[in-house]
Number of protein chains: 2
Amino acid sequence: MTDDDRVFKALADPSRRFLLDLLFTRDGRTQSELESELEMTRFGVAKHLKVLEEAGLVVVRRSGREKLHFLNPVPIRQIHDRWIDKFTEHQVTALIDLKRQLEEEP
Amino acid sequence: MTDDDRVFKALADPSRRFLLDLLFTRDGRTQSELESELEMTRFGVAKHLKVLEEAGLVVVRRSGREKLHFLNPVPIRQIHDRWIDKFTEHQVTALIDLKRQLEEEP
DNA sequence: TTGACAGGTGACCAAATGGTCACATAACTT
DNA sequence: AAGTTATGTGACCATTTGGTCACCTGTCAA
């Protein structure tokens, strides 16, 4: 399996995306801390974290018997750069910002 | 199935990513034109294109009996914005640019 | 109008995936 | 030392997914 295949497969599951959301709001959480946020056995969560780690979307640091998890934004940015060039980036960010403004107004 | 689920599931397959790559280099291709690029029956390609279309990653325009396909960058940018804030974006783009420079030099 | 061309539908099967469990190891606490 | 806490492994099963095929509809050209 290629690197990018691992990344996209990892992102394909909603539970794993939720784990990334959790780490986006606050980094450096332990596995058991993350387990408590999902309605799933710890085995399931551990498996998902392993997939995210092998994809490089999450990096870990061991501290004693604990495992701290951190979000790695690099693969996400590479997805972006694969299909959005500099010119298109300006257009699409402007479009998204405009859409957000229109939705905020009454 | 939620919208974002459709997008990530669509991106999880290498054949579908290859189709996006093809449309990134040149937009507006017909289905049969895309079929000729994949080692797969036309049914397989049609199925993949349908998945991409339902995810909003590809938009189509009918022209007679032909179906023209265009890449839509918006969902890709939204993936980016979900896990990369403005501050992190500067850091990670700088990091990727640096990495690219180092790899180019002898 | 007859045939060739572009695309669509539903059934089908092999392979991959998500989730759980029994069992195991290593580190902190008292 | 003994119990508790944090995490790891491999087997297992139900569901989903990728790909193919027989068959069908609509469009263009001679």
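Naming convention: chains lettered A, B, ... in sequence-line order (proteins, then strands); numbering from 1 in each chain.
The hydrophobic cluster containing A/I76 also contains B/F24, counting ILVMFWY residues as joined when their side-chain heavy atoms lie under 4.5 angstrom apart, directly or transitively.
Distance B/E53 CD to C/dT9 P: 10 Å, rounded to the nearest Å. Atom-to-atom, CG of B/D5 to C1' of C/dT17 comes out at 14 Å; the value is rounded to the nearest Å. The distance from atom CZ of A/R65 to atom P of D/dT4 is 13 Å, rounded to the nearest whole Å. Here the C1' atom of nucleotide D/dG26 and the NZ atom of B/K67 are 14 Å apart, to the nearest Å. Rounded to an integer number of Å, the gap from A/L52 CG to C/dT17 P is 14 Å. Between the C1' atom of D/dT7 and the NZ atom of A/K50 lies a distance of 12 Å, rounded to the nearest Å. If you take CG of B/L34 and P of C/dA6, they are 13 Å apart, rounded to a whole angstrom. What separates CG of B/L49 from C1' of C/dT9 is a distance of 16 Å, to the nearest Å.
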Letter per nucleotide, 5' to 3', of nucleotides 11-21 of chain D [B base touched, S only sugar-phosphate touched, - untouched; heavy atoms, 4.0 Å]:
B-----SSBBB
Apply salt bridge (Lys or Arg N to Asp or Glu O under 4.0 Å) to residues B/R100 and B/E103 and explain how you reach the verdict.
CA-CA 5 Å; B/R100 188 150 28 214; B/E103 283 167 353; over 6 Å; no
Go through the steps to decide whether A/K9 and A/D5 satisfy the test salt bridge (Lys or Arg N to Asp or Glu O under 4.0 Å), and finish with yes or no.
CA-CA 6 Å; A/K9 287 247 164 60; A/D5 210 35; 3.2 Å; yes
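Of the N and O atoms on the side chains of A/R16 and A/H48, at least one donor lies less than 3.5 Å from an acceptor on the other residue.
Among all heavy-atom pairs drawn from B/F18 and B/E37, the shortest one is CE2-O, 3.7 Å.
A salt bridge links A/E53 to A/K67: at least one charged side-chain nitrogen sits closer than 4.0 Å to a carboxylate oxygen. Looking at A/E33 and A/R26, a side-chain N of the basic residue comes within less than 4.0 Å of a carboxylate O on the acidic one, giving a salt bridge.
Of the residues in residues 18-32 of chain B, those placing a heavy atom less than 4.0 Å from an atom of DNA chain C are B/T30, B/Q31, B/S32, in numerical order.
With A/N72 contributing its side chain and A/L57 its backbone, the two residues share no donor-acceptor pair below 3.5 Å. In this structure, A/R77 contributes its side chain and B/V92 its backbone to no donor-acceptor pair below 3.5 Å.
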